[in-house]
Amino acid sequence: MGSKGAETRQRMVAATLASIERRGYFGAGLNQILADSGTPRGSLYFHFPGGKDELVAEAVREAAAVVEAVLAEVDPSDPVGAVGAVLGAFGDRLEESGWECGCPIAAVALEVSGTHDPIQRACAEVFARWTEMIRLGLVAAGRDDADDLASSLLALIEGALLLAQTQRSRKPLDRALRTARVLLS
């Protein structure tokens with residue numbers, strides 16, 4: 001694929017991510033995604049022969065990079081700092097988007113992971129990677145309970161994001177960070 005093809009593909013993924021963040025899987029129409037990305041319909045099936053599910057799965061993987069970049073920048077031996085950084089980054093995204101853009105992986109997973117296998121696999125892959133990144137940080141911090149604690153911290157973060165988005169408030173994020181401090185003490 002040439003640079004023009006890669007650029008076209010990336011525009012479609014970016015438009016899909018923006019759409020699913022604000023409207024969810026079912027609200028993300030292909031015609032609107034193509035219009036937003038400025039690409040013809042033929043490009044969709046050229047780059048994503050699996051259609052909308054393949055495109056959304058790729059957008060989910062792309063969205064994962066946001067959290068992974070935050071986790072990559074924090075001291076792995078400081079799990080409280082890592083949780084705080086993730087909650088802070090997502091809190092900023094929520095506020096900047098008028099409380100529309102929380103965690104796109106969770107939003108899509110809740111909506112269609114039970115019925116759309118390619119999307120379920122992409123969401124599971126992302127959550128597994130995030131759990132492993134958290135687990136490795138906990139191991140670096142000397143935690144013996146890293147496996148269970150990593151899953152619990154990810155659940156705490158995701159739950160706090162959902163509450164923050166629905167309440168349009170950072171208070172659930174602040175509470176989650178206080179709870180993480182207790183869990184990690």
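Computation of the quantities below employed the complete heavy-atom set of this structure, encompassing side-chain atoms and omitting hydrogens, waters and symmetry-equivalent molecules.
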From [X] atom [atom1] to [Y] atom [atom2], the distance as rounded to the nearest 0.5 Å:
| X | Y | atom1 | atom2 | answer |
| --- | --- | --- | --- | --- |
| Leu161 | Leu87 | CG | CG | 6.5 Å |
| Ile33 | Leu55 | CD1 | CG | 5.5 Å |
| Thr16 | Lys52 | OG1 | NZ | 9.0 Å |
| Ser77 | Leu136 | OG | CG | 12.5 Å |
| Leu44 | Glu54 | CG | CD | 9.0 Å |
| Arg121 | Arg61 | CZ | CZ | 8.5 Å |

Exceeds 12 heavy-atom contacts within 6.0 angstrom, atom CG of Asp144: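 Not more than 12 within 6.0 Å, no.
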Greater than 12 external heavy atoms within 6.0 Å of Arg168's CZ: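 No - once you tally the heavy atoms of other residues, nucleotides and ligands closer than 6.0 Å, there are 12 at most.
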Can a donor-acceptor pair be found, under 3.5 Å and without considering hydrogens, that links the side chain of [X] to the backbone of [Y]?
| X | Y | result |
| --- | --- | --- |
| Arg143 | Leu184 | yes |
| Thr8 | Lys4 | yes |
| Ser151 | Asp148 | no |
| Ser113 | Leu110 | no |
| Arg11 | Ser37 | yes |
| Glu111 | Phe26 | yes |

Would you mind reporting whether [Y] and [X] have side-chain heavy atoms less than 4.5 Å apart?
| X | Y | result |
| --- | --- | --- |
| Leu34 | Met12 | yes |
| Phe90 | Leu173 | no |
| Glu21 | Pro104 | yes |
| Asp92 | Arg170 | yes |
| Val112 | Val56 | no |
| Phe48 | Arg9 | yes |

Nearest heavy atoms of [X] and [Y], plus distance in Å:
| X | Y | value |
| --- | --- | --- |
| Ala63 | Leu17 | CB-CD1, 3.6 Å |
| Ala164 | Leu94 | CB-CD1, 3.9 Å |
| Trp130 | Leu154 | CE3-CD1, 3.9 Å |

Audit row: Val83, Ile157, side-chain contact (heavy atoms from CB on, under 4.5 Å) steps and yes/no: CA-CA 8 Å; Val83 170; Ile157 291 166; 4.3 Å; yes
With Glu100, the side chain to side chain donor-acceptor pair (under 3.5 Å) member among Gln165, Arg22, Arg93: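 Among the candidates, only Arg22 passes.
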Audit row: Glu158, Leu162, side-chain contact (heavy atoms from CB on, under 4.5 Å) steps and yes/no: CA-CA 6 Å; Glu158 288 295 334; Leu162 177 63; over 6 Å; no
Side-chain ion pair, Arg135 and Glu132, N-O less than 4.0 Å: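 Salt bridge between Arg135 and Glu132, a charged N being under 4.0 Å from a carboxylate O: yes.
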Arg129 with Glu125: basic N within carboxylate O range, under 4.0 Å: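 Yes, this pair counts.
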Chi angles and distances behind the side-chain contact (heavy atoms from CB on, under 4.5 Å) call for Val80, Leu177: CA-CA 8 Å; Val80 173; Leu177 183 55; 4.3 Å; yes
Hydrophobic clustering (ILVMFWY, side-chain heavy atoms < 4.5 Å, transitive) - are [Y] and [X] grouped together?
| X | Y | result |
| --- | --- | --- |
| Leu163 | Leu153 | no |
| Phe127 | Tyr25 | yes |
| Leu183 | Ile134 | yes |
| Leu30 | Ile119 | no |
| Val139 | Val86 | no |

From CA spacing to verdict: side-chain contact (heavy atoms from CB on, under 4.5 Å), Arg23, Gln32: CA-CA 11 Å; Arg23 294 183 283 282; Gln32 188 63 52; 4.1 Å; yes
